[in-house]
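In what follows, a single structure is set out as structure tokens and then discussed.
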Amino acid sequence: MARAVGAYLDHLAVERGLAANTLSSYRRDLDRYAAHLDAAGRRSLSDVVEGDVAAFLTALREGNERHGSLSAASAGRAVVAVRGLHRFALREGWTTLDPAREIKPPVPARRLPKAITVAQVEALLEAPDSATPLGLRDRALLELLYGTGARISEAVGLAVDDLDRGAGVVRLDGKGGKQRMVPVGSYAGRAVEAYLVRSRPVLLAAGSGTSALLLNARGGRLSRQSAWTVLRAAATRAALTVEVSPHTLRHSFATHLLDGGADVRVVQELLGHASVTTTQVYTLVTVDRLREVYATAHPRARA
């Protein structure tokens, strides 16, 4: 068993060029697998049956006196190593069957998008100082992010001509060069108009001229990193106690639309998701919200 594991790791290092850290992780996983098989009385890979591999996965998830339980991601990596070992053994002619073929790595728990409440969004949007050119720009950026569901990279990539102020829409360049037209709400529209009239000309004068919509203090295009700094500073000014990330306003945009009764396929189009499956993760959030409202509002929901 030890020779088989060693040969497989050499194959990964020489022919597949795996990184040293990955190889080290695989070695630990396979050493644990070898010990598991030894305890089960298996002396070679040809003795292993599917039940042995399934039992190893269970042991990874449950843990024992020697090893703590592993997360789905860590257990999944170990299963990948085991499956690779058995495929290698079959290809080398050491075994005639692959007992790990039907054993699938565990699926990590789906991480739900984190949205903030409408009240928290309003506090965040009102945080910039609209009496200054940079404050007007910051307000326009934040209003656009929440009002359109744009990614930060999409927002900072906007040109002035991407805005159709008369029609109240904006053209966003999404992943893979896919463009979409998204309505701009009245609040975002007013914030952008104030920025274009009272702030952008001042910022533009500091630079050499650009078609970018959102500008930095030197008159150049606002960077993604600077936009993230704007968001973080606004969260601090608003005294928000929840974590705010670059995607927070996008997540909140989708969640609040669905809470308000929007069709998931409409939200899919607004977000620029290629598949509705990606958007449906937000429906899990709104179900939790519905359950919370039901539990607090229905007279027969509480004991």
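Note: hydrogens, waters and symmetry copies are ignored here, and every other heavy atom, side chains too, is used.
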**Prompt:** Quick one: ring-ring contact (aromatic ring centres under 6.0 Å, His included) pairs with a partner in residues 150-202, sequence neighbours left out?
**Reply:** none

Hey, does the side chain of [X] reach the backbone of [Y] with a donor-acceptor pair shorter than 3.5 angstrom?
X      : Y      : value
Ser252 : Ile116 : yes
Arg221 : Leu158 : yes
Arg137 : Leu214 : no

Pairwise distance [atom1]([X]) to [atom2]([Y]) - rounded to 0.5 angstrom:
X      : Y      : atom1 : atom2 : value
Arg139 : Leu124 : CZ    : CG    : 10.0 Å
His256 : Asp259 : NE2   : CG    : 6.5 Å
Thr279 : Leu270 : OG1   : CG    : 9.5 Å
Thr210 : Leu222 : OG1   : CG    : 11.5 Å
Leu9   : Leu18  : CG    : CG    : 9.5 Å
Leu172 : Leu271 : CG    : CG    : 10.5 Å

Given side chains that start at C-beta, do those of [X] and [Y] come closer than 4.5 Å, heavy atoms only?
X      : Y      : value
Leu30  : Val82  : yes
Arg165 : Leu196 : yes
Leu57  : Pro106 : yes
Tyr26  : Val80  : yes

**Asked** Got a sec, which residues hit side chain to side chain contact (heavy atoms under 4.5 Å, CB included) with Ser245, two or more places apart in sequence or on another chain?
**Response**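 With sequence neighbours excluded, Ser245 shows a side chain to side chain contact (heavy atoms under 4.5 Å, CB included) to His247, Thr248, given in chain and number order.
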
**Prompt:** Residues in side chain to side chain contact (heavy atoms under 4.5 Å, CB included) with Asp47, at least two apart?
**Reply:** Arg42, Arg43, Ser44

Does one hydrophobic cluster hold both [X] and [Y], with members joined at side-chain heavy-atom distances below 4.5 Å?
X      : Y      : value
Val192 : Phe253 : yes
Val266 : Val184 : yes
Val202 : Val160 : no

**Asked** Is atom CZ of Arg190 surrounded by more than 12 heavy atoms (other residues, nucleotides or ligands) closer than 6.0 Å?
**Response** yes

**Message:** Counting only heavy atoms not in Asn21 (residues, nucleotides, ligands), do more than 12 fall under 6.0 Å from its CG?
**Reply:** no

**Item:** Sequence neighbours excluded - salt bridge (charged side-chain N to carboxylate O under 4.0 Å, His left out) pairs with any residue from residues 171-184
**Value:**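 Non-adjacent pairs meeting salt bridge (charged side-chain N to carboxylate O under 4.0 Å, His left out): Glu154-Arg180, Asp162-Arg171.
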
**Message:** Would Leu204 and Leu215 count as a side-chain contact (heavy atoms from CB on, under 4.5 Å) here? Give the steps.
**Reply:** CA-CA 7 Å; Leu204 188 63; Leu215 305 181; 3.9 Å; yes

Report, one line per pair, each donor and acceptor closer than 3.5 Å where one atom sits in a side chain of residues 86-100; sequence neighbours left out.
from, atom 1, to, atom 2, distance (Å)
His86, NE2, Tyr33, OH, 2.7
Thr95, OG1, Leu97, O, 3.3
Asp98, OD1, Ala100, N, 3.0
Asp98, OD1, Arg101, N, 3.4

Side-chain atoms of residues 230-244: list all donor-acceptor pairs with protein atoms under 3.5 Å, sequence neighbours left out, distances to 0.1 Å.
from, atom 1, to, atom 2, distance (Å)
Thr236, OG1, Arg232, O, 3.1
Arg237, NE, Ala127, O, 2.8
Arg237, NH2, Ala127, O, 3.3

**Request:** Only one of Asp138, Leu141, Leu136 passes side chain to side chain contact (heavy atoms under 4.5 Å, CB included) with Pro128; say which it is.
**Result:** Asp138

Measure across [X] and [Y] and return the closest heavy-atom pair with its distance rounded to 0.1 Å.
X      : Y      : answer
Ser199 : Pro133 : OG-O, 2.6 Å
Arg200 : Ser211 : NH2-C, 3.8 Å
Gly219 : Ala206 : N-CB, 4.2 Å
Gly76  : Pro105 : CA-CB, 3.9 Å
Ser223 : Val156 : O-CG1, 3.9 Å
Asp52  : His36  : O-NE2, 3.0 Å

**Request:** Please assess Leu85 against Val5 for the test side-chain contact (heavy atoms from CB on, under 4.5 Å), listing each intermediate value before the final yes or no.
**Result:** CA-CA 7 Å; Leu85 172 65; Val5 169; 4.2 Å; yes

**Request:** Using the side-chain contact (heavy atoms from CB on, under 4.5 Å) rule, take Asn216 and Leu203 through it: C-alpha gap first, then chi angles, then the decisive distance, then the call.
**Result:** CA-CA 7 Å; Asn216 59 31; Leu203 298 177; over 6 Å; no

**Request:** Determine, stepwise, if the pair Leu45 / Met1 fulfils side-chain contact (heavy atoms from CB on, under 4.5 Å).
**Result:** CA-CA 7 Å; Leu45 291 178; Met1 195 74 70; 3.4 Å; yes

